Protein chains: 2
Amino acid sequence: MSDLLARLRARSWRLTAQRRVVAQVLDGDHVHFTADEIHARAAALLPEISRATVYNTLGELVALGEVVEVSTDGRAKRYDPNAHHAHQHLVCESCGTIRDVHPLGDPLAGLPAAERYGFTVSGVAVTYRGLCPDCAAGAAPPARTGSTGTGSTRTEA
Amino acid sequence: MSDLLARLRARSWRLTAQRRVVAQVLDGDHVHFTADEIHARAAALLPEISRATVYNTLGELVALGEVVEVSTDGRAKRYDPNAHHAHQHLVCESCGTIRDVHPLGDPLAGLPAAERYGFTVSGVAVTYRGLCPDCAAGAAPPARTGSTGTGSTRTEA
DNA sequence: ACCCTACCTTAGACACTGTCTAAGTCAACA
DNA sequence: TGTTGACTTAGACAGTGTCTAAGGTAGGGT
Ligand SMILES: [Mn+2]
Ligand SMILES: [Mn+2]
Ligand SMILES: [Zn+2]
Ligand SMILES: [Zn+2]
């Protein structure tokens, strides 16, 4: 991920302070932030960044294949910088925690030709649902933050 | 599905005209309407039914297990009366058409214990994406109606 | 170093989806 | 038929995402 800016430069992206902080917030592979969470974190680094720019930048990163959109519920989409390693998601129904998981085999293989109805099938999203250990233990559901703890929590010097 | 009202009566539901028309709109197993589509169709039968009542009724049907919510994209949820036969969905990326599909085997089986991180996994949703035959043939993407054509299109006498 | 200008950013309005509330209505039962 | 608690309603409200018009700026050209 740290060479994201290099890849973007190679695609002749105009490098602005706003795009830099959005990329910085998305640094780390195991985060699944909403657009507003990204906006809040970006604004901590660059106070006047606007919501529209965050949405614009995220949309461009998705179009470039650097970030994938994840819709686990009917709520806000989450933006996943772990786009270069196909994976699926395991979601806690209680607190919303999201974990990256890697099912065995090709998830597309389970759909026989007779069940494709002439579609050209190009992808599949698998969302496992359940209770995380904390919630199963009766812990009060912590705020649904979207982080999964493995993201690079860069402590300012 | 036609005995839905009977099942609801058995659960001591108060049987109102509004609930009847919502159930009537959901009659047929292969529809995936949004709440607003259901509201529009219900209003054709009972003009003054309110949006709030449609949402209330759908929420109750979901809680009773008679209808399942389907979130295929970041847009409006779809309400699926085919709740008594587990299935997954195949979505056209261009026109939004949704088909019920039945993958081989248990979709939960693909997630090994080592990939469950202590979660109690209780369910899984699989959404296959691709292009339907019409869109692949270059047809102008028809309006994203949510119907899949197999629903009982009851022609009024 | 300075200009240009096409591209980027901004604030805020707007659209869509869903929830909530207070007041009125009515299905079911006695 | 009368009573009553459950149901329905209109509209306000909240969360999420898109769009526009006006202003700003990165980066190439000079
Ligand atoms: Mn992920
Ligand atoms: Mn279905
Ligand atoms: Zn949890
Ligand atoms: Zn299509």
Side-chain angles (χ1 to χ4, degrees), chain A residues 5-6 8-25 32-43 45-64 67-79 96 143-146, chain B residues 5-6 8-25 32-43 45-64 67-79 96 143-146:
Chain A
L5 290 180
L8 296 179
R9 237 185 318 264
R11 303 216 206 198
S12 72
W13 246 38
R14 223 159 111 169
L15 211 15
T16 66
Q18 291 83 357
R19 286 171 174 184
R20 250 184 295 260
V21 297
V22 169
Q24 188 172 343
V25 168
H32 302 91
F33 292 135
T34 65
D36 275 350
E37 286 166 351
I38 292 166
H39 180 231
R41 283 172 163 75
L45 303 171
L46 184 70
E48 288 308 316
I49 189 171
S50 73
R51 237 166 46 95
T53 292
V54 170
Y55 275 105
N56 288 343
T57 303
L58 289 173
E60 289 157 0
L61 290 173
V62 169
L64 291 174
V67 166
V68 296
E69 285 180 342
V70 180
S71 299
T72 56
D73 51 0
R75 312 279 303 279
K77 286 178 193 159
R78 294 179 175 278
Y79 292 85
R144 291 168 155 262
T145 70
Chain B
L5 291 180
L8 297 179
R9 236 184 318 263
R11 303 218 205 194
S12 74
W13 248 37
R14 215 156 117 174
L15 211 15
T16 68
Q18 290 82 357
R19 287 171 171 182
R20 250 184 294 259
V21 296
V22 169
Q24 188 173 343
V25 167
H32 302 92
F33 292 134
T34 64
D36 275 350
E37 287 166 350
I38 292 167
H39 179 231
R41 283 172 163 76
L45 303 171
L46 184 70
E48 288 309 316
I49 189 172
S50 73
R51 238 166 46 94
T53 292
V54 170
Y55 275 104
N56 287 343
T57 304
L58 289 173
E60 288 157 0
L61 289 172
V62 169
L64 291 173
V67 166
V68 296
E69 285 180 342
V70 179
S71 300
T72 56
D73 51 2
R75 310 281 302 282
K77 285 180 195 157
R78 294 178 175 278
Y79 292 86
R144 290 167 157 263
T145 69

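In this text, all values refer to a predicted model and were calculated from it rather than measured experimentally. All values below come from the heavy atoms of this structure, side chains included, with hydrogens, waters and symmetry mates left out. The chains referred to below are lettered A, B, ... by the order of the sequence lines, with proteins before strands, and numbering in each begins at 1.
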Nearest-nucleotide comparison on DNA chain C, the residue closer to the 5′ end among A:Val54 and B:Ala76: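 Closest to the 5' end, via its nearest nucleotide, is A:Val54.
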Nearest-angstrom distance from the residue atom [atom1] of [X] to [atom2] of [N]:
X: A:Phe33; N: D:dT16; atom1: CZ; atom2: P; value: 15 Å
X: B:Arg20; N: C:dC26; atom1: CZ; atom2: C1'; value: 12 Å
X: B:Leu58; N: D:dT8; atom1: CG; atom2: C1'; value: 15 Å
X: B:Leu15; N: D:dT8; atom1: CG; atom2: C1'; value: 15 Å
X: B:Asn56; N: D:dT9; atom1: CG; atom2: P; value: 10 Å
X: B:Tyr55; N: D:dG15; atom1: OH; atom2: C1'; value: 13 Å
X: A:Asp73; N: C:dT17; atom1: CG; atom2: C1'; value: 13 Å
X: A:Arg75; N: C:dC16; atom1: CZ; atom2: C1'; value: 16 Å

Side chains of B:Leu58 and B:Phe33, heavy atoms from C-beta outward: is any pair under 4.5 Å? no
Could you check whether any side-chain heavy atom of A:Arg51 comes within less than 4.5 Å of a side-chain heavy atom of A:Asp36, counting everything from C-beta outward?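 Yes, their side chains come closer than 4.5 Å.
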Give me the distances for all protein-to-nucleotides 11-14 of chain C N/O pairs that come in under 3.5 Å?
| from | atom 1 | to | atom 2 | distance (Å) |
| --- | --- | --- | --- | --- |
| C:dA11 | OP1 | A:Glu48 | OE1 | 3.4 |

Picking from [options], which would you name as closest to the side chain of [X]?
X: A:Asp36; options: D:dT16, C:dT9, D:dT8; value: D:dT16
X: B:Arg19; options: D:dG17, C:dT9, D:dC7; value: D:dC7
X: B:Ala35; options: C:dG18, D:dC7, D:dT9; value: C:dG18

Where [X] and [Y] come nearest, the two heavy atoms and their spacing:
X: B:Ala42; Y: B:Val25; result: N-CG2, 3.7 Å
X: A:Leu64; Y: A:Arg11; result: O-NH2, 3.2 Å
X: A:Tyr79; Y: A:Val67; result: CB-CG1, 3.9 Å

Given the structure, check if the side chain of A:Arg14 and the base of C:dC8 hold any donor-acceptor pair shorter than 3.5 Å. no
Are OP1 or OP2 of C:dC7 and a side-chain N or O of A:Thr16 less than 4.0 angstrom apart?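 So the side-chain polar atoms of A:Thr16 never come under 4.0 Å of the phosphate oxygens OP1 or OP2 of C:dC7.
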Is the shortest side-chain N/O distance from B:Gln18 to OP1 or OP2 of D:dT9 below 4.0 Å?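 Yes, within the criterion.
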Taking A:Arg19 for its side chain and A:Leu8 for its backbone only, find out whether a donor-acceptor pair lies under 3.5 Å.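 Here the side-chain-to-backbone pair does not exist.
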Is there a donor-acceptor pair under 3.5 Å between the side chain of A:His39 and the backbone N or O of A:Tyr55?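 No; judged by distance alone, with no hydrogens or angles, the pair does not exist.
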If you find the nucleotide of DNA chain D closest to B:Trp13 and the one closest to B:Gly74, which residue's nucleotide is nearer the 5' end?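 Result of the comparison: B:Trp13.
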